[in-house]
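One structure below.
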Amino acid sequence: MDRNQDNIRNFCIIAHIDHGKSTLADRILELTSTVALRDMEDQLLDNMDIERERGITIKARAVRLLYTADDGNEYIFNLIDTPGHVDFNYEVSRSLAACEGAVLVVDASQGIEAQTLANTYLAIEHNLEVVPVVNKIDLPSADPERVCGEVESVIGIPAMDAPRISAKHGTNVKEVLEKVVREVPCPSGDPSAPLKALIFDSYYDSYKGVIIYVRVVDGTVNVGDTIRLMATGAEFTVVEAGYMGAVDLVNAGKLCAGEVGYIAASIKSIGETKVGDTVTNAENPCDEPLPGYREVNPMVFSGIYPADGAKYGDLREALEKLQLNDAALSFEPETSAALGFGFRCGFLGLLHMEIIQERLEREYNLDLVTTAPSVIYKVTLTSGETVFIDNPSNYPDPGVIATAEEPMVKASILAPSDYVGSIMDLCQERRGIFKDMKYLDETRVELHYELPLNEIVYDFFDALKSRTRGYASFDYEFMGYAPSKLVKLDILLNGDVVDALSFIVHTDKAYLRARKIAEKLKENIPRQLFEVPIQAAIGGKVIARETVKAMRKDVLAKCYGGDITRKKKLLEKQKEGKKRMRQLGTVEVPQEAFMAVLKLDE
Amino acid sequence: MSKGLYIHVPFCRRKCLYCDFYSVTDFSLSDSYVNAVIRNIKARGERYDTVYFGGGTPSLLSGRQVYAILSAADIESCAEISAECNPDSADINKLSELHSAGINRISLGIQSLDDRELKMLGRLHDSAQAVLAVKNARASGFDNISADLMLGLPFQNIETVKSNISRLSELEINHISAYMLKVEENTPLAEKTELVSNIADDELSADIYLSAVELLEEKDFYQYEISNFSHRGYECRHNLKYWKCEDYFGTGPSAHSCIDGKRFAVPKDICGYIYSERQQEIITDENACSDEERLMLSLRLAEGCPIPENGGERIIKAAKELQRHGLLNISDNRIMLTPKGFLVSNSIICLLSEAMEE
């Protein structure tokens, strides 16, 4: 294989959800004959069920393609797929760092949209060459001229000669590949320098151990080399080094500067292979790692419990398996008086949490109860000791708290200027501190806010989307802790505190939140044999109250000889239905009730 | 111990709107049917201390047919022998015939004493006929008379129910079965949305039921089961067997039996029944009369359920919470539901049976 870097093009595709990223990727795979047509499965790159259903990419992925261009040369394309959601922002930035170019896909009738903007800016920040492409020209409402003009004015890159394509029908897709050949720069690393490679993804394979996806920046890595992962210092012997075919990994024996590929080195734990870390040669290490690495720490915590207590072991096993592929997931055992044995899990954000929960339920067939998400609070006690609290039920008694601090984030929101008012209202409601606002052009603004993380973990992104009709994009980074007036709100059912429903809230928000939660619980708790008071209290003081009325009628009036078998079956069914409920003291609470209190803005 | 004998008489002149019991209108089959009943009773050969002719409309049978059936069975001398009878077929001749044939308890399908309600239900009789039926039964020698009453009919309210009960209690009867109407799937009533949408909701039905229980007690009809009330000593002994998990043998299409811990049913097929030497019996439950089933059935009774040895402590703990809310009483090592508890008995049974299993 010719290892001339001139023939390598490393690029990714940036697109708004539904603008056709996966379809274009599939067409490119077809055109480069990487996948035989009969093996084509729609959206090959997104191979997790959840990804296909939600139409999102969760984990980055990469594939190597061979393309014979019009100039007669054969090129190696490394196509790197990127996630689009803010929870996975860091993964996006690492994927981009592995590329020299980005294909920006824009829908020919909808035009450029918010979510693509942030990623496009990120690409430009990484000095990527952006190749705009207008997709879906087959639609009657397509207006490629207008959309190209928009790309030029909003992003500020030339777009008039952007390929007009229909990924669905395969129209002009070849033109995209020719553009990539001509416009995306080839890599320019030094093959003879010490090894320096960026880890942009990894996953656990039960036969080979952890497989790391790397972009080799400088040097060469060979099978048999000892490599060092610079952030953790861990060293391993390379067993395989090669590239990603569309279906299988292909062991080429080595990887050189400019190439994108994988390394298998009998690595047992994904915790040692952190995305963003630099791989070097243990005997001939490079001077300093690649820039931009940071620890990915969970920001959001929640308790996950098996609906059936007997499945605790299964849940642990499932979490362990998921963690093999997802280093950002953390968990440790915890016990709740209400829910029994479970785990306190840490996530990157709310979407990450939902995805993990869905995968546990779907791939591991578990019924779960999840508690309200929490962030980590920093509490200084009157004794001078500082504690970090990730579980509201461990929140110290107000009497021993000297100061309480909560995590703050720097948030940036991009949106059409029409929505500035509603975005400001939303941030205001969420205790945001306005920093600045600037116009990107006459129609688009960027707002900066400082927001408490606990105000955005619930449903901020959903609320933002619904108030801006999906046009706003949102990004945040952790900035530190700030003192805050926090209280612990307890929920009592039939007079007993349900620890799993307790949460920490800002004093000013406590009353409103308490009332909404009480209402939601009332809607979601079915009538019981007796009246159930729902109370929300701070300390001993009740600040909101609702009542679930007692059930009046649940009886089979007639029960004679012929009915008895039937009645017994009805009873079995009713008992089966009860099993789906959580017994909290004397009250039966359906699992949905726990989820419902998380979505108070609906 | 003597068993109960149930005979399902699957004939009706016309089907009532709300009924989902098995019946046909071709009465020409009745003689072959009676022969089949006799064959099956003889083949089973048990001794009985209660007999119950249910339906359908048992009063469509002639006295001669009833006599033939009773003669085929080994029946104790003091046995309770009941027959259901519709007021429209309860003339004095028919009732005398039945009485002479050996029936000693008559259960009249009165359902209501309000003519509009009766018409709405598709019944063939009116209130005058109902009143007359009770008189005729007395005149024919019956001194154990029961009346069916429906609660929670469309457009019904507490006042109309009370007036129904007051009028009914003035008649010379000893027993009242008062049922809350349940709209069964696949009945004509279920299709009549105008009626169905005017059936009392859970709140009102519960109030109707509670005031019915109260008024009935006032009139000396004591509640002994969720839907059954009687003067002291006039409880239906046959039906009590169902709730006390005692053995009974059922014959006739759609009849059910419970013998030696097994429940079985006869297919709903009159011709199949007539033309078989012995009725086909399909096992519906191999594990009848389990602790759970005894709990489920005996909690229907006012006398309640003895606290089982198995899981007794957990049951008492659960029961005490319910007692606090007035849903049951615990005394003499028994759990007895209150009328308010009867109304939610399905949920209570579930709860207690779970406590028993844990």
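What's counted below: heavy atoms across the whole structure, side chains too, no hydrogens, waters or symmetry copies.
The distance from atom CD1 of B/I330 to atom CE of B/M336, rounded to the nearest 0.5 Å, is 8.5 Å. For the atom pair CG (B/L295) and CE (B/M356), the distance works out to 5.0 Å, reported to the nearest 0.5 Å. Once rounded to the nearest 0.5 Å, the distance linking CD1 of B/I335 with CG of B/N329 reads 10.5 Å. Atoms CG and CD1, on A/L584 and A/I525 in that order, are 8.0 Å from each other to the nearest 0.5 Å. Here the straight-line distance linking atom CG of B/L299 with atom CG of B/L337 works out to 5.0 Å at 0.5 Å rounding.
Between chain B and the residues A/L556, A/I564, A/L570, the largest count of heavy-atom pairs under 4.5 Å involves A/I564. Contact tally against chain A (heavy-atom pairs below 4.5 Å) for B/L210, B/I349, B/L181, B/L151: the top residue is B/I349. Ranked by heavy-atom pairs shorter than 4.5 Å toward chain A, the options B/L297, B/L343, B/I348, B/I226 are led by B/L343.
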Please tabulate, one pair per line, the N or O donor-acceptor pairs under 3.5 Å between chain B and chain A.
{"unit_1": "B/Y179", "atom_1": "OH", "unit_2": "A/Y560", "atom_2": "OH", "d": "2.9"}
{"unit_1": "B/E203", "atom_1": "OE1", "unit_2": "A/R552", "atom_2": "NH1", "d": "3.2"}
{"unit_1": "B/E203", "atom_1": "OE2", "unit_2": "A/R527", "atom_2": "NH1", "d": "3.0"}
{"unit_1": "B/D207", "atom_1": "OD1", "unit_2": "A/R552", "atom_2": "NH1", "d": "3.3"}
{"unit_1": "B/D207", "atom_1": "OD1", "unit_2": "A/R552", "atom_2": "NH2", "d": "2.9"}
{"unit_1": "B/S227", "atom_1": "OG", "unit_2": "A/A557", "atom_2": "O", "d": "2.8"}
{"unit_1": "B/N228", "atom_1": "ND2", "unit_2": "A/Y560", "atom_2": "OH", "d": "3.1"}
{"unit_1": "B/W243", "atom_1": "NE1", "unit_2": "A/C559", "atom_2": "O", "d": "2.6"}
{"unit_1": "B/Y248", "atom_1": "OH", "unit_2": "A/G561", "atom_2": "O", "d": "3.3"}
{"unit_1": "B/T284", "atom_1": "OG1", "unit_2": "A/T565", "atom_2": "OG1", "d": "3.1"}
{"unit_1": "B/D285", "atom_1": "OD2", "unit_2": "A/K568", "atom_2": "NZ", "d": "2.7"}
{"unit_1": "B/N287", "atom_1": "O", "unit_2": "A/K568", "atom_2": "NZ", "d": "3.0"}
{"unit_1": "B/E292", "atom_1": "OE2", "unit_2": "A/K575", "atom_2": "NZ", "d": "2.5"}
{"unit_1": "B/E293", "atom_1": "OE1", "unit_2": "A/K568", "atom_2": "NZ", "d": "2.8"}
{"unit_1": "B/R300", "atom_1": "NH1", "unit_2": "A/L556", "atom_2": "O", "d": "3.0"}
{"unit_1": "B/R300", "atom_1": "NH2", "unit_2": "A/L556", "atom_2": "O", "d": "2.9"}
{"unit_1": "B/R300", "atom_1": "NH2", "unit_2": "A/A557", "atom_2": "O", "d": "2.9"}
{"unit_1": "B/L343", "atom_1": "O", "unit_2": "A/D554", "atom_2": "N", "d": "2.6"}
{"unit_1": "B/S345", "atom_1": "N", "unit_2": "A/D554", "atom_2": "O", "d": "3.2"}
{"unit_1": "B/N346", "atom_1": "N", "unit_2": "A/D554", "atom_2": "O", "d": "3.0"}
{"unit_1": "B/N346", "atom_1": "OD1", "unit_2": "A/K567", "atom_2": "NZ", "d": "2.7"}
{"unit_1": "B/N346", "atom_1": "ND2", "unit_2": "A/D554", "atom_2": "OD1", "d": "3.2"}
{"unit_1": "B/S347", "atom_1": "N", "unit_2": "A/D554", "atom_2": "OD2", "d": "3.1"}
{"unit_1": "B/S347", "atom_1": "OG", "unit_2": "A/D554", "atom_2": "OD2", "d": "2.5"}
{"unit_1": "B/S353", "atom_1": "OG", "unit_2": "A/K575", "atom_2": "NZ", "d": "2.7"}
{"unit_1": "B/E357", "atom_1": "OE2", "unit_2": "A/K575", "atom_2": "NZ", "d": "2.5"}

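Residues A/L360 and A/L315 meet the side-chain proximity criterion, which asks for heavy atoms closer than 4.5 Å. For the pair B/I158 and B/L204, the minimum side-chain heavy-atom distance is below 4.5 Å. In this structure the side chain of B/V344 reaches within 4.5 angstrom of the side chain of B/L327, judged on heavy atoms.
For B/L322, the part lying near chain A is the side chain, with the backbone staying farther off; criterion is any non-hydrogen pair under 4.5 Å. With a 4.5 angstrom heavy-atom cutoff, B/C258 does not touch chain A via any of its atoms.
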